[in-house]
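One structure is given here, and the rest of the page talks about it.
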Number of protein chains: 2
Amino acid sequence: MPKPTIQDVARAAGVHPATVSRALNPALVGRVTPATTRRVEEAAARLGYVPDEFGRTLRTRRSRMIGVVVPDLGNPVFPPIVRGIEDTLRTAGYAALIANTDDSAQRQEELLRTLTARRCDGFIIASSRRDDRAVVDLVNTQTPVVLVNRLMDTATAAVASDDAAGMRAAVEHLVSLGHREIAHVGGPEALSMTGVRRAAFDSAMAAAGLEVSPELICAARRYTADEGQRAFEAVLARRVPTAVIAGNDMIAVGCYGALRSRGLRCPADVSVVGFNNMPLSDFLDPALTTVAIPQFDIGTQAAQLVLDLIADHPPAQRLVPVSLMVRGSTGPVTCV
Amino acid sequence: MPKPTIQDVARAAGVHPATVSRALNPALVGRVTPATTRRVEEAAARLGYVPDEFGRTLRTRRSRMIGVVVPDLGNPVFPPIVRGIEDTLRTAGYAALIANTDDSAQRQEELLRTLTARRCDGFIIASSRRDDRAVVDLVNTQTPVVLVNRLMDTATAAVASDDAAGMRAAVEHLVSLGHREIAHVGGPEALSMTGVRRAAFDSAMAAAGLEVSPELICAARRYTADEGQRAFEAVLARRVPTAVIAGNDMIAVGCYGALRSRGLRCPADVSVVGFNNMPLSDFLDPALTTVAIPQFDIGTQAAQLVLDLIADHPPAQRLVPVSLMVRGSTGPVTCV
DNA sequence: TTGTATGCGTTATCAC
DNA sequence: GTGATAACGCATACAA
């Protein structure tokens, strides 16, 4: 038997469909007599009626769906964020439509088109390129958009980790261990996060009175272990630093690989610091010292911000605090 | 300006909306004159018209959305599966609506209700309890359902890893290293996967001519590192085996923790084998020997199966091959 | 308090 | 080959 509609309930309760709609709408309590309400509720329960979100969307022009755009769910930092988003949205009666861009601008544009065609009420975008026409366009059409880990301008809602503070803490930690030759392996230049963390690295180094040596800086082509390894191997071929700060934990894992492939030990020869505190980073070999960002919380806040935008609140920005998790991958400089 | 509708395109092209629909439908090529088609396509391009999936759903009664139900996206084994699903669905013009159950039967029931209210065309369910009324009901209503890692009966489409073969390979590997005292830490009894892997363990042990000692068997309350550690600590308090096979990799990570907390070394004192080959399992300390299941591929196949069901193919079942990844967490029994 | 009428965007089905 | 029409399920402004 097909799913019962509001019509079926109306027939069963001997009332008009509109009355069923009102009786079942908690916001309209008092506009229907208790007796009628009870009859309707009974009929609905008996038939197993669940209001069709689709019909509701059609009428209200609200789909209660949020498009969630991430670079790659396979990167362990994103699942906790997505869970935070999903839990918060579900509690509010919303659903998340998740899409992966693999950092491709073209793919992202397609996805946003598709998600728009599905009438998403808003977007949470955790995948931000520097030249993000598609996102700018979206914001300009008054669509609720929340950026994750990117502040665009004050008119756009966003939640981001305090990367500058994190980078300072990382550099200070390494300096306190005696390091002065500190490398940085960032991600793809096209992503805004890369620039933010790179700039944070530069100023943290300057604040510590250290020079940033150009030959100790490089960019992985993606935020993955493979590309991180390849990038750091290029650095090591030029000069071996005493420590490296990676653009994120996956790149840090790649740095582990690069060190191994050259017979260097971590942290005895080179200390490694990651970024994000992704799941399992504490179980790596060695356990990774990393700048912890509150992943689940970032997801929660992003969801809350997009719900706020939908409720016509002005766009807000949140900078969430980070903390350095000191583990086994960093140690004092060993004299040769 | 609001999103253009088919009406706007019709006006701009000087034709009827129905003609626009036909002209833009690749399946109906030839039913509209080339000249008209070109006029329509030009108007659509000029206005930036994208057919509204919502209106289409209303009319065709097909939402092109698939509900994807997983226990917890935070478990590293699921993101690759979900990516396989999502990539395949997107290529076919479908979208994935993802929901986490946290292994709660009640939550799963709610989610299925919600997803049904959103008119999902089908479901991929990777979260299967033994007593899964909600899923059985769903299947009975002729809704396309694909189970992941659970075979229910021959009438239900499913894709599962060949856990029996994997468990045999794990036991044989340990036996070849001289192990005879092999423990098993499974997951919650209520989940079907737990029973499957437990039974596979029993028969693999029998096939190797080994006794299964009841005091070396136990069940974690969840498939997490914390619960795995707690469960294995209980085993260790009774008797220390020379090896343990975990119900999945997160439990194996918990076993690492339990060994450490008792001052035992892996693999010198106790060898550990995991299940799933989740991301980063090769970067753990020590690198985890584990039964590898083709996660992305499982997702791809699950998506294909649900699309097949929607296309009215009969339900198919796929048993995907597994392979044992031998790494640092297993070694020969050391004589005391 | 309840019933009536309407429209959301699209496409299948008919009629021309 | 193209136009007209109806229908999908619901919520709301308006009428009774």
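In this text, all values refer to a predicted model and were calculated from it rather than measured experimentally. Naming convention: chains lettered A, B, ... in sequence-line order (proteins, then strands); numbering from 1 in each chain.
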Footprint string (nucleotides 9-16 of chain D, 5' to 3'): B base within contact, S backbone only, - free, heavy atoms under 4.0 Å:
BBBBB---
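With 3.5 Å as the limit, one finds no donor-acceptor pair spanning the side chains of B:D87 and B:T300. Of the N and O atoms on the side chains of B:Y94 and B:T88, not one donor lies less than 3.5 Å from an acceptor on the other residue.
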Pair up each side-chain donor or acceptor in residues 109-116 of chain B with any protein partner under 3.5 Å, not counting sequence neighbours, and list the distances.
{"unit_1": "B:E110", "atom_1": "OE2", "unit_2": "B:Q106", "atom_2": "NE2", "d": "3.1"}
{"unit_1": "B:T114", "atom_1": "OG1", "unit_2": "B:E110", "atom_2": "O", "d": "3.0"}
{"unit_1": "B:T116", "atom_1": "OG1", "unit_2": "B:L112", "atom_2": "O", "d": "2.6"}

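Side-chain nitrogen and oxygen atoms of B:T19 include none within less than 4.0 Å of the OP1 or OP2 phosphate oxygen of D:dT2.
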Test side chain to side chain contact (heavy atoms under 4.5 Å, CB included) on B:V70 and B:N100 and set out the steps.
CA-CA 5 Å; B:V70 297; B:N100 300 273; 3.6 Å; yes
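A salt bridge is defined here as a Lys NZ or Arg NE, NH1 or NH2 lying under 4.0 Å from an Asp or Glu carboxylate O, and B:R129 with B:D132 fails to meet this definition.
Taking the side chain of A:V15 as heavy atoms from C-beta on, and the options C:dG3, D:dT2, C:dT2, the nearest nucleotide is C:dG3.
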